[in-house]
K.L.:
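One structure coming up, written as structure tokens, with questions to follow.
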Amino acid sequence: MDVAKLLDIMLGAILINNFIFSQFLGICPFMGVSKKTDTAAGMGMAVIFVMGLASAICWVINKFVLVALGLQYLQTLAYILVIAALVQFVEMFLKKAVPSLYSALGIYLPLITTNCAVLGVVLLNTQNNYNFIESVVYGVTGGIGFLVAIVLFASIREKLRFADYPKAFEGFPIALVTAGLLALAFMGFSGMSIPW
């Protein structure tokens, strides 16, 4: 196991190729659930869980079922089914264990099923030919990158309620400007190289 490659995958998923700010995947829950920091953190934790588990399960299904039977053309369908089942599990768990978070997330919780960041991570695992450990690391750290992005954005949006800006920017426009500025800040990581 190459530790340098795993560190490269981790830093890439969290900072350099962040799913939200660099690849622009998962924008719907990012914009919808980022009004409060605690709700954003809950969504981020759910995405970490789903991305990590989906990466592990989809790698096994791809390696031992789809590739073994020559059914690689069914990858997207199989991955969506796995993600939908995992989201259903998360939804049932949150409804029982943390009903306040469940109601705060609302419609955005089932939307994790169609969150293209979750589907993107499992498709990128296949495309990059990651082994099992690399796939799980990429899934979990991709989720951590999503968590970092959404919590940063939510904390800024909470402060923006007290800011003084032109009336034309009230509501969604100032959120888009803020997201754009955060994406520019994260682009600063794109030139980063790891000297291993």
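Throughout, residue positions are numbered sequentially from 1 according to the sequence presented. On a predicted model such as this, the values are computed, not experimentally measured, just so you know.
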K.L.:
Is it true that V67 and L69 fall in one hydrophobic cluster, defined by side-chain heavy atoms closer than 4.5 Å?
P.N.:
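Not linked; separate clusters.
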K.L.:
Are L53 and M92 connected in the hydrophobic side-chain network, where two residues link if heavy atoms are under 4.5 Å apart?
P.N.:
no
K.L.:
Name all pairs fulfilling the side-chain hydrogen bond (donor to acceptor under 3.5 Å, both in side chains) condition that reach into residues 169-189, sequence neighbours left out, sorted by first residue then second.
P.N.:
none
K.L.:
Is there a side-chain contact between I20 and L182, using heavy atoms and a 4.5 Å cut-off?
P.N.:
no
K.L.:
Listed by chain and number, what are the side-chain hydrogen bond (donor to acceptor under 3.5 Å, both in side chains) partners of N18, not counting sequence neighbours?
P.N.:
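Not a single residue meets the side-chain hydrogen bond (donor to acceptor under 3.5 Å, both in side chains) criterion with N18.
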K.L.:
With rounding to the nearest 0.5 angstrom, report the CZ to CG distance, F189 to N17.
P.N.:
12.0 Å
K.L.:
Taking L123's backbone N and O only, do any of them form a donor-acceptor pair with Q75's side chain (distance below 3.5 Å, no angle check)?
P.N.:
no
K.L.:
Write down the atom of I150, the atom of M43, and the distance for their closest heavy-atom approach.
P.N.:
CD1-CG, 4.2 Å
K.L.:
Quick one: does N62's side chain have a donor or acceptor within less than 3.5 Å of a partner on C58's backbone?
P.N.:
no
K.L.:
Identify the two heavy atoms, one from S55 and one from V121, that lie closest to each other, and give their separation to 0.1 Å.
P.N.:
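In this case the closest contact between S55 and V121 is OG-CG1, 3.9 Å.
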K.L.:
How close do A149 and F30 get, counting heavy atoms only, and between which atoms?
P.N.:
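Scanning both residues completely, I find the closest heavy atoms to be O-CE1, 3.6 Å.
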K.L.:
For V137, check side-chain contact (heavy atoms from CB on, under 4.5 Å) against everything at least two apart and list the hits.
P.N.:
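Only L6, I9, M10, I133, T141 meet the side-chain contact (heavy atoms from CB on, under 4.5 Å) criterion with V137.
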K.L.:
Once rounded to the nearest 0.5 Å, what's the spacing between atom CZ of F146 and atom CD1 of I144?
P.N.:
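Between F146 CZ and I144 CD1, I get 13.5 Å after rounding to 0.5 Å.
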K.L.:
Once the angle between the rings of F89 and F93 is folded into 0 to 90°, is it parallel (under 30°), tilted (30 to 60°) or perpendicular (over 60°)?
P.N.:
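Correct class here is parallel.
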K.L.:
Could you check whether F153 and F21 have their ring centres less than 6.0 Å apart?
P.N.:
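No, the ring centres sit 6.0 Å or more apart.
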K.L.:
Taking side chain to side chain contact (heavy atoms under 4.5 Å, CB included) as the criterion, tell me which of N125, L124, N128 meets it with S135.
P.N.:
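Output: one option passes, namely N125.
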K.L.:
What is the distance from atom CG of L94 to atom OG of S100, rounded to the nearest 0.5 Å?
P.N.:
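If I round to the nearest 0.5 Å, the distance is 9.5 Å.
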K.L.:
Could you note down all residue pairs passing salt bridge (Lys or Arg N to Asp or Glu O under 4.0 Å) where residues 123-145 supplies at least one of them, sequence neighbours left out?
P.N.:
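Sorted result for residues 123-145: K5-E134.
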K.L.:
Are F186 and V148 close enough, and set up right, to give a side-chain contact (heavy atoms from CB on, under 4.5 Å), and what steps lead you there?
P.N.:
CA-CA 11 Å; F186 268 72; V148 166; 4.2 Å; yes
K.L.:
Where do M31 and A175 come nearest, in terms of heavy atoms and distance?
P.N.:
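Scanning both residues, the minimum pair turns out to be CE-CB, 3.9 Å.
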K.L.:
To the nearest 0.5 Å, what is the distance between CG on L71 and CD1 on I61?
P.N.:
12.0 Å
K.L.:
Could you pull out the closest heavy-atom pair between M51 and G142, with the gap in Å?
P.N.:
SD-C, 3.6 Å
K.L.:
How many angstroms lie between CG in L160 and CZ in F169, if you round to the nearest 0.5 Å?
P.N.:
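Result: 12.0 Å between the selected atoms.
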K.L.:
Does I16 offer a backbone N or O that forms a donor-acceptor pair with the side chain of S22 under 3.5 Å?
P.N.:
yes
K.L.:
Per the salt bridge (Lys or Arg N to Asp or Glu O under 4.0 Å) rule, what does the pair list look like for residues 66-79, sequence neighbours excluded?
P.N.:
none
K.L.:
Would you sort out whether T37 and E158 count as a side chain to side chain donor-acceptor pair (under 3.5 Å), showing the intermediate values?
P.N.:
CA-CA 8 Å; T37 307; E158 283 183 347; 2.9 Å; yes
K.L.:
Grab the two heavy atoms, one from A46 and one from V90, that are nearest each other, plus how far apart they are.
P.N.:
CB-CG1, 4.1 Å
K.L.:
With sequence neighbours excluded, tell me which residues meet ring-ring contact (aromatic ring centres under 6.0 Å, His included) with F132.
P.N.:
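If we apply the ring-ring contact (aromatic ring centres under 6.0 Å, His included) test to F132, skipping adjacent residues, the hits are W59.
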K.L.:
Applying side-chain contact (heavy atoms from CB on, under 4.5 Å) to I80 and L119, what does each step give before you reach the verdict?
P.N.:
CA-CA 7 Å; I80 289 173; L119 182 59; 4.1 Å; yes
